[in-house]
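Some notes on the structure that comes next.
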Amino acid sequence: QVQLVESGGGLVQAGGSLRLSCVVSGRTISGYAMGWFRQAPGKEREFVAGISWSGGTINYVDSVKGRFTVSKDNAKNTMYLQMNSLKPEDTAVYYCAARDGTGVRRLTHEYNYWGQGTQVTVSS
C-alpha cells in the first residue's frame, strides 16, 4: 500500500520561508514522477511543481518560478518543496502526489497517489 505523508507546513509572515517534505512508503520514488499541488479555499486544486523520475525535468507554475524549488532524495524516499519569498496568495493546503509514470504532468487526474495535505498560511 502506497502512502504519502506531508509535513512542514505552518504559519509564516510574508517574505518568509518554509520547506515541505513528502515521505513515501510502499514504493520507491526513484522510478516515478512526483508533484506538488495546492488548494486554496473556494478554489480548485492546482499544480505547483513537478519532478520527473530522474530529477532531470522539473516544471513550475509561473506564479512560483524563482521562489520555489522542488527536489527529491531517492535514498530517503522523500520529495521536498523549498518555498522562499512567500506571499499571502501562497496560502493553501499543499498536497504531494505520485504517478505511475516517469514524466512530469500538471493535471490532478494524472496522479495516482496523494497525501493528506499540509496547511501553509502566509500572513501579510
Side-chain angles (χ1 to χ4, degrees):
Q1 183 179 359
V2 180
Q3 289 188 321
L4 287 70
V5 179
E6 303 97 334
S7 63
L11 174 64
V12 63
Q13 288 188 332
S17 299
L18 286 173
R19 187 175 83 153
L20 305 183
S21 299
C22 173
V23 179
V24 181
S25 60
R27 72 189 287 176
T28 59
I29 67 172
S30 58
Y32 303 91
M34 297 187 68
W36 286 99
F37 290 75
R38 65 187 179 187
Q39 188 166 18
K43 295 187 176 182
E44 294 187 352
R45 192 171 299 187
E46 67 167 349
F47 172 83
V48 175
I51 185 166
S52 65
W53 72 278
S54 66
T57 300
I58 292 175
N59 289 340
Y60 298 97
V61 68
D62 286 347
S63 60
V64 308
K65 285 181 180 178
R67 301 188 298 121
F68 290 12
T69 303
V70 62
S71 63
K72 62 174 184 164
D73 185 333
N74 290 339
K76 295 182 178 180
N77 231 36
T78 301
M79 178 178 64
Y80 303 97
L81 185 67
Q82 178 66 45
M83 305 186 294
N84 298 329
S85 301
L86 282 161
K87 304 175 181 180
E89 50 264 44
D90 295 318
T91 295
V93 177
Y94 283 70
Y95 299 90
C96 69
R99 61 184 302 268
D100 289 331
T102 58
V104 177
R105 298 290 185 271
R106 292 175 173 250
L107 301 179
T108 56
H109 74 264
E110 295 182 290
Y111 287 79
N112 305 95
Y113 310 98
W114 292 84
Q116 82 289 349
T118 185
Q119 176 71 46
V120 171
T121 303
V122 184
S123 62
S124 58

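All figures in this text were calculated on a predicted structure; none of them were measured in a lab.
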> In a check of side-chain contact (heavy atoms from CB on, under 4.5 Å) between Y113 and each of Q3, M34, R27, which one passes?
Replying inline: R27
> Under 4.0 Å between a Lys/Arg side-chain N and an Asp/Glu carboxylate O for D62 and K65?
Replying inline: yes
> Do the side chains of E46 and F37 get nearer than 4.5 Å, heavy atoms only?
Replying inline: no
> When rounded to the nearest 0.5 angstrom, what distance separates CG in N74 from NZ in K76?
Replying inline: 12.0 Å
> Where does the angle between the aromatic ring planes of Y95 and W114 fall among parallel (under 30°), tilted (30 to 60°) and perpendicular (over 60°)?
Replying inline: perpendicular
> Roughly how far, to the nearest 0.5 Å, is the CG atom of D73 from the CD1 atom of I29?
Replying inline: 7.5 Å
> For the atom pair CE (M83) and CZ (R38), what is the distance rounded to the nearest 0.5 Å?
Replying inline: 9.0 Å
> Going by heavy atoms in the side chains, are L18 and V120 under 4.5 Å from each other?
Replying inline: yes
>> So which atom in A49 and which in L81 form the shortest heavy-atom distance, rounded to 0.1 Å?
In response: CB-CD1, 4.2 Å
>> To check you understand the geometry: which heavy-atom pair defines the closest contact between T78 and S21, and what is its length?
In response: CG2-CB, 4.3 Å
> Is there side-chain contact between L4 and M79, with heavy atoms separated by less than 4.5 Å?
Replying inline: no
>> Go through it in stages, so that I can follow the logic: the residues are Y60 and F47, the test is ring pair (Phe, Tyr, Trp, His ring centres under 6.0 Å), and I'd like the CA-CA distance, side-chain angles, deciding distance and then a yes or no.
In response: CA-CA 8 Å; Y60 298 97; F47 172 83; 8.3 Å; no
> Taking all atoms of both residues into account, what is the closest heavy-atom pair of A14 and S124, and its distance?
Replying inline: CB-CA, 4.4 Å
> Tell me, do T108 and E110 make a side-chain contact under 4.5 Å, heavy atoms counted?
Replying inline: no
> CD1 of I51 to OG1 of T57: how many Å apart, nearest 0.5 Å?
Replying inline: 9.0 Å
> Does the side chain to side chain contact (heavy atoms under 4.5 Å, CB included) test come out yes or no for N77 and V23, once each step is laid out?
Replying inline: CA-CA 6 Å; N77 231 36; V23 179; 5.7 Å; no
>> For a side chain to side chain contact (heavy atoms under 4.5 Å, CB included) check, start with the C-alpha distance between D90 and R67, then their side-chain angles and the critical distance, and finish with the verdict.
In response: CA-CA 11 Å; D90 295 318; R67 301 188 298 121; 2.8 Å; yes
> Does some side-chain heavy atom of E6 sit less than 4.5 Å from a side-chain heavy atom of Y94?
Replying inline: no
> Do Y80 and L20 come within less than 4.5 Å of each other through their side chains, counting heavy atoms only?
Replying inline: no
> Run the side chain to side chain contact (heavy atoms under 4.5 Å, CB included) check on F68 and Q82 step by step: do they pass?
Replying inline: CA-CA 5 Å; F68 290 12; Q82 178 66 45; over 6 Å; no
>> Could you measure the distance from the CD atom of Q1 to the OG atom of S25? Nearest 0.5 Å is fine.
In response: 8.0 Å
>> Measuring from atom OG of S52 to atom CG of N59, what distance do you get when rounded to the nearest 0.5 angstrom?
In response: 9.0 Å
> Do you reckon W53 sits in the same ILVMFWY cluster as V104, going by side-chain contacts under 4.5 Å, direct or chained?
Replying inline: no
> Backbone N or O of T121 within a donor-acceptor pair of the T91 side chain at under 3.5 Å?
Replying inline: no
>> Does the structure place the NZ or CZ of R99 under 6.0 Å from the centre of the six-membered ring of Y32, at an angle of no more than 45° from the ring's axis?
In response: no
> Do you reckon V5 sits in the same ILVMFWY cluster as Y111, going by side-chain contacts under 4.5 Å, direct or chained?
Replying inline: no
